[in-house]
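A quick write-up on the structure given underneath.
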Amino acid sequence: MTLRNSSSVTEFILMALSEQPQLQLPLFLLFLGIYVLTVVGNLGLITLIGLNSSLHTPMYFFLFSLSFIDLCYACVFTPKMLNDFVSENIISYVGCMTQLFFFCFFVNSECYVLVSMAYDRYVAICKPLMYAVTMSTQFCSLLMFGSYVIGFAGAIAHTGSMLRLTFCNSNIIHHYLCEVLPLLQLSCTSTHVNQLVFFIVVGIVISISSISIFISYALILSNILHIPSAEGRSKAFSTCGSHIIAVALFFGSGAFTHLTTSFPGSVDQSKFASVFYTNVVPMLNPLIYSLRNKDVKLALGKTLRRVLF
């Protein structure tokens with residue numbers, strides 16, 4: 001696949017979150033802080049899981065993958081976003097298509113990683129005696145490989161259909177990153193195929209992910225309600241709490257962003273809404289899983305004692 005088309009546009013201008021000069025430095029510092037926390041949090045969780053054999057279980061294998069995706073995901077556009085606050089916010093055509101590809105790849109992959117995590121919780125709570133056999137190393141690796149393959153296929157579909165368009169007039173993207181819908185608004189050729197690809201791919205990803213997670217948690221809830229002791233029910237709920245919060249934040253913020261795009265005059269609303277799932281969610285995930293997880297906190301304490309003493 002080549003990153004060139006018949007477009008006369010060789011570069012795009014990304015619109016920053018605010019065009020007011022006095023806000024550029026505060027926004028730069030704010031998003032720099034978010035980016036540092038995202039990198040430190042996710043890299044720290046990846047390192048912690050890698051170093052502690054007590055965390056070498058299917059649940060933490062999926063958490064390792066989620067942190068890896070969040071880390072890469074943030075690195076796709078946040079450095080460019082930070083640069084745009086202090087210098088010219090210009091991105092080349094090739095750079096824009098590359099950013100679009102990796103953005104779609106990691107977003108789609110994260111959806112299916114969250115599905116895998118929901119299935120892991122279903123097996124752990126509903127079929128505990130079969131957990132070790134069902135969630136084998138080979139099966140978990142297959143689930144992750146499938147997540148990346150499906151993410152890659154979605155990214156190829158979005159980017160490939162975008163490469164067929166011609167951009168010959170405006171080159172101002174009303175967003176701080178190269179995303180599908182803002183780019184479609186700039187094309188001077190028909191975007192019907194692109195819109196069809198977008199709604200099919202996004203529809204499949206959201207439908208499969210949301211239905212799979214909903215079914216998993218419906219079965220989990222049904223099983224938990226049959227646990228006789230309140231302590232047992234509380235323990236079962238606690239193992240799912242972090243994942244439910246992560247799913248709600250990711251899918252909720254993503255759905256709100258795409259819904260606001262549908263309304264006229266909602267460009268700025270969509271841009272600000274997307275900040276949450278592109279910047280805030282990757283920062284919050286390691287905090288959610290570490291602050292609410294006894295195993296992670298114990299492993300962190302052990303690792304710190306090993307390093308400091």
In chain order, what residues pass the side-chain contact (heavy atoms from CB on, under 4.5 Å) check against [X], with sequence neighbours excluded?
X      : answer
Val40  : Val36
Val149 : Phe145
Ile13  : Asn89, Ile90, Asn171, Ile172
Ser210 : Ile206

Completion exercise
So the disulfide (SG to SG under 2.5 Å) pairs with at least one residue in residues 84-158 (sequence neighbours excluded) are Cys96-Cys178

Practice task
Can you sort out the partners of Gln195 under side chain to side chain donor-acceptor pair (under 3.5 Å), two or more places apart, ordered by chain and number?
Solution key: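 Expected list: Thr191.
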
Practice task
Apply side chain to side chain donor-acceptor pair (under 3.5 Å) to Gln22 and list each qualifying residue two or more places apart in sequence or on a separate chain.
Solution key: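 So Gln22 forms a side chain to side chain donor-acceptor pair (under 3.5 Å) with Gln20.
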
Does [Y] offer a backbone N or O that forms a donor-acceptor pair with the side chain of [X] under 3.5 Å?
X      : Y      : result
His175 : Leu14  : no
Ser65  : Phe61  : yes
Tyr122 : Ile215 : no

pair [X]-[Y]: side-chain heavy atoms closer than 4.5 Å:
X     : Y     : answer
Leu45 : Leu66 : no
Gln99 : Val76 : yes
Leu43 : Leu71 : yes

Restricting to non-hydrogen atoms, name the atom on [X] and the atom on [Y] that form the minimum distance, rounded to 0.1 Å.
X      : Y      : value
Thr159 : Met97  : CG2-O, 3.9 Å
Arg164 : Ser161 : CG-O, 2.6 Å
Thr189 : Thr166 : OG1-N, 3.3 Å
Phe105 : Tyr148 : CE1-O, 3.2 Å

May I have all residue pairs that pass side-chain hydrogen bond (donor to acceptor under 3.5 Å, both in side chains) and include part of [range], sequence neighbours excluded?
range            : result
residues 106-119 : none
residues 72-86   : Lys80-Asp84, Asn83-Ser87
residues 29-54   : Asn52-Thr303

Practice task
Ignoring hydrogens and angles, state whether a donor on the side chain of Thr278 or Tyr176 is under 3.5 Å from an acceptor on the partner side chain.
Solution key: yes

Exercise for the section: Could you label the plane-to-plane angle of the Phe152 and Phe101 rings as parallel, tilted or perpendicular, counting under 30° as parallel and over 60° as perpendicular? Expected result: perpendicular

Problem - Results of ring-ring contact (aromatic ring centres under 6.0 Å, His included) for Phe64 - residues two or more places apart only - result: none

Taking only distance into account, with no hydrogens and no angle test, what donor-acceptor pairs under 3.5 Å do side-chain atoms of residues 216-227 form with protein atoms, sequence neighbours excluded?
unit_1	atom_1	unit_2	atom_2	d
Ser216	OG	Ser212	O	2.9
Tyr217	OH	His243	ND1	2.6
His226	ND1	Ser222	O	2.6

